[in-house]
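Counting begins at 1 with the first residue of the sequence. No hydrogens, no waters, no symmetry mates; every other heavy atom, side chains included, goes into these values. Every value quoted in this text rests on a predicted model; they were computed, and no experiment measured them.
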Amino acid sequence: PVLKYVPTDRTSVTLEYTQQFSKINAIGANYNYAKNGYERLPRSFTTSEKELDPTDMLERNILAIVEHKINDNWKITAQGSYLNYKQVGMSLWPSGFDPNNDAILKRAGGIWDILGKIYVGQAFVNGQFQTGAVTHKILSGIDMSDKTFYHDWNQYFALPDLDIYNPVHGIPASPTFDRSKNIKERGVKYQNNYQGYYVQDELGFLDNSLRLTLAGRYTILKAGNIYSGSAKNEKFTPRVGLSYSINKNTSAYFVRDQSFTENYGSDWEGKSFNPQTGTNLELGFKRDWFNGKWNSTFAAYQITTNNVLTLDQEHSTPAKQFNKESGQQKVKGFEVDIRGEIFKNFDIIANYAFTEGKTTKDTDPNMVGNQIAGTTRHIMNTWVNYKFDSGLLNGFGASLGYQYQIKRAPWYISPDNTGTLPDYFRVDGGLSYQIKKVTVNLIVNNIFDKYLYSGGYYSYSTMYYWQAEAGTNARLSVSYKF
């Protein structure tokens with residue numbers, strides 16, 4: 001529910017409450033595993049059992065927003081939220097395969113209960129004024145967050161071995177866990193909070209056709225847990241942007257900014273890591289064509305991230321791996337978006353993205369130059385829509401589109417596995433019908449029922465793991481416009 005109160009014509013108060021609940025199978029039940037490669041198992045494969053208790057997830061969120069308009073040029077906004085997350089359940093992850101039989105999976109799992117509390121608050125003022133021929137659009141404020149999570153994953157169990165090619169399911173009962181103590185007593189506590197102070201001025205020149213943005217943020221990060229203790233880091237991150245409207249149909253922009261994010265965990269001595277820092281450069285171009293019936297966007301970028309965690313080979317053992325903050329990653333590429341009307345009622349949206357993400361520094365020289373885990377070199381999307389506006393089919397619409405991904409990196413990259421996943425190609429389509437205020441939509445995904453998946457190679461257990469997407473599936477929705 002949402003409640004809005006307007007005491008005056010310049011002030012409003014909004015309250016919103018959201019609650020979500022889900023009951024799912026054990027976390028990790030939808031992973032597939034094999035010793036010698038991907039695609040060895042059907043989509044329906046699972047390491048779970050119907051006798052296992054489900055995992056319950058409950059999320060409750062309260063949001064409050066107060067806005068006050070000082071005058072026609074200035075406004076103050078204050079907003080805060082509280083999120084409470086509870087999870088009661090378990091997770092599954094095998095210890096590996098039988099060393100004497102590549103078909104036998106050694107199943108295991110453990111409790112995974114969570115209690116999370118997140119407080120977020122923001123207060124900012126925005127407005128505009130003019131100095132001579134220069135306009136100023138100001139945004140300044142404070143941003144705060146406090147996150148506390150308790151995780152209990154300290155109780156384990158083993159399930160009977162499973163022949164992945166000829167699985168036989170069924171167990172006497174679900175494992176039981178000791179929950180006699182409150183999760184705040186039995187769980188591991190993680191804390192993370194930040195305070196950010198920022199100010200931004202967008203200066204407009206030449207009747208606001210040329211815009212210069214100067215901004216800065218000072219962030220204080222604090223984090224702590226039982227393993228690495230507490231740590232405090234702070235940094236000022238500037239931002240500079242320049243945009244120019246060449247004419248009413250064409251504009252160009254340039255942005256340079258920096259990032260500052262927490263590096264979770266600790267090194268072999270139990271010391272917390274320093275935060276990750278990054279620098280982003282972006283150059284873009286936008287243009288409308290044929291009286292706005294077509295528009296295009298082009299953007300090129302480069303993101304350099306430092307203090308990336310890498311394997312600490314000196315202190316790691318087969319039983320325990322440690323990281324160190326000595327890595328660097330660089331991602332660069334470009335994106336092209338085009339959308340428009342081919343002819344009346346027939347529209348097209350097309351997108352292409354090229355991404356080259358590489359490791360540029362690592363404790364293992366063999367990892368330098370490798371593609372960053374989870375990135376895709378080429379992504380192409382096209383979607384066409386046609387809607388009938390007369391005749392017997394008046395109100396009907398049809399759409400068809402595809403997504404094509406080339407040179408996909410796996411989720412996890414190690415010296416034992418630096419290859420790529422197979423190319424990804426999926427076709428989706430839809431039908432719609434609108435009559436007066438009622439609209440009916442039918443979307444069909446993966447029309448050709450292709451076996452599509454993403455995954456990686458887990459070197460510590462010497463096995464491949466992946467998640468397979470659903471086969472051909474459909475979703476029907478009906479909406480009414482009041």
Side-chain angles (χ1 to χ4, degrees), residues 22 24-50 52 55 89-99 101-110 112 153 158-169 311 321 353 355 357 359 367 370-381 402-428 445-473:
S22 60
I24 64 172
N25 208 333
I27 298 171
N30 56 343
Y31 281 104
N32 293 354
Y33 307 90
K35 187 73 174 179
N36 300 311
Y38 304 106
E39 296 187 70
R40 305 300 173 103
L41 303 172
R43 296 189 189 100
S44 59
F45 175 84
T46 180
T47 58
S48 185
E49 300 288 351
K50 61 181 175 54
L52 292 178
T55 293
M90 66 182 75
S91 64
L92 301 176
W93 187 265
S95 59
F97 281 85
D98 188 318
N101 190 337
D102 291 349
I104 303 302
L105 184 67
K106 315 292 286 186
R107 293 187 295 170
W112 195 0
W153 45 51
L159 292 173
D161 293 349
L162 186 70
D163 185 335
I164 61 173
Y165 301 114
N166 297 287
V168 177
H169 288 279
L311 180 65
Q321 282 78 40
T355 303
T359 297
M367 296 295 289
N370 286 335
Q371 187 174 350
I372 297 173
T375 62
T376 300
R377 183 68 61 88
H378 307 276
I379 299 178
M380 290 170 277
N381 298 277
Y402 74 88
Q403 182 180 142
Y404 190 25
Q405 301 181 19
I406 303 172
K407 200 171 183 181
R408 301 187 296 150
W411 287 337
Y412 180 77
I413 294 179
S414 66
D416 303 319
N417 179 46
T418 59
T420 58
L421 296 170
D423 294 345
Y424 177 108
F425 185 78
R426 191 183 84 185
V427 176
D428 304 324
N445 299 308
N446 197 3
I447 291 175
F448 296 116
D449 198 32
K450 295 197 65 176
Y451 190 100
L452 303 170
Y453 66 91
S454 298
Y457 178 77
Y458 195 60
S459 58
Y460 304 122
S461 300
T462 61
M463 64 183 182
Y464 293 86
Y465 66 106
W466 69 97
Q467 284 184 322
E469 294 185 12
T472 302
N473 63 93

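Atom CG of D428 and atom CG of N473 lie 8.5 Å apart (nearest 0.5 Å). Rounded to the nearest 0.5 Å, atoms CG (L92) and CZ (R107) are 8.5 Å apart. Here T55 contributes atom OG1 and I27 contributes atom CD1; the two are 5.0 Å apart, rounded to the nearest 0.5 Å. A distance of 9.5 Å separates CG in N36 from OG1 in T462, rounded to the nearest 0.5 Å. Separating the CE atom in M90 from the CG atom in L52 is a distance of 5.0 Å, to the nearest 0.5 Å. Atoms CD and CZ, from Q405 and F425 in turn, are 11.5 Å apart once rounded to the nearest 0.5 Å.
In this structure the side chain of K106 never reaches within 4.5 angstrom of the side chain of L159, judged on heavy atoms. The shortest distance between side-chain heavy atoms of E39 and P422 falls below 4.5 Å. The side-chain heavy atoms of Y33 and M463, taken from C-beta on, include a pair separated by under 4.5 Å. At a threshold of 4.5 Å between non-hydrogen side-chain atoms, the residues I447 and Y402 do not count as touching. Counting only heavy atoms from C-beta outward, the side chains of L105 and T47 approach each other to under 4.5 Å. With a 4.5 Å cut-off on side-chain heavy atoms, R43 and Q467 do not count as touching.
Considering Y38, Y464, Y424 as possible partners of Y453, the one that fulfils the ring pair (Phe, Tyr, Trp, His ring centres under 6.0 Å) test is Y38.
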What do the steps show when you test R408 against Q371 for side chain to side chain contact (heavy atoms under 4.5 Å, CB included), and what is the final call? CA-CA 9 Å; R408 301 187 296 150; Q371 187 174 350; over 6 Å; no
Going through the distances and angles, do L41 and I164 end up as a side chain to side chain contact (heavy atoms under 4.5 Å, CB included)? CA-CA 8 Å; L41 303 172; I164 61 173; 4.0 Å; yes
N446 vs V427, test: side chain to side chain contact (heavy atoms under 4.5 Å, CB included). Steps then yes/no. CA-CA 5 Å; N446 197 3; V427 176; over 6 Å; no
Would Y31 and W466 satisfy side chain to side chain contact (heavy atoms under 4.5 Å, CB included), going step by step from the backbone distance to the final call? CA-CA 6 Å; Y31 281 104; W466 69 97; over 6 Å; no
For a salt bridge (charged side-chain N to carboxylate O under 4.0 Å, His left out) check, start with the C-alpha distance between E469 and R426, then their side-chain angles and the critical distance, and finish with the verdict. CA-CA 11 Å; E469 294 185 12; R426 191 183 84 185; 3.5 Å; yes
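Put simply, the side chain of S461 never gets that close to the backbone of Y458: no donor and acceptor are under 3.5 Å apart. T355 places no side-chain N or O within donor-acceptor distance of the main-chain N or O of R377, the cut-off being under 3.5 Å. Looking only at distances, no side-chain donor or acceptor of S91 sits under 3.5 Å from a matching main-chain atom of G28.
Across all their heavy atoms, A468 and N32 have their closest contact at CB-ND2, 4.4 Å. When all heavy atoms are compared, the tightest approach of D161 to I104 is CB-CG2, 3.6 Å. When all heavy atoms of K407 and T420 are compared, the pair lying nearest together is CG-CG2, 3.8 Å. Between Y165 and R40, the shortest heavy-atom distance links the atoms CE2-O, 3.9 Å. Nearest heavy-atom pair, T359 versus M367, reported as atom, atom and distance to 0.1 Å: CB-O, 3.6 Å.
Look at D98 and K35 and you find no salt bridge, because none of the NZ, NE, NH1 or NH2 atoms lies under 4.0 Å from a carboxylate O.
Ring planes of Y465 and W411: tilted class, angle from 30 to 60°.
For the residue pair S48 and N25, a side-chain donor N or O sits within less than 3.5 Å of a side-chain acceptor on the partner.
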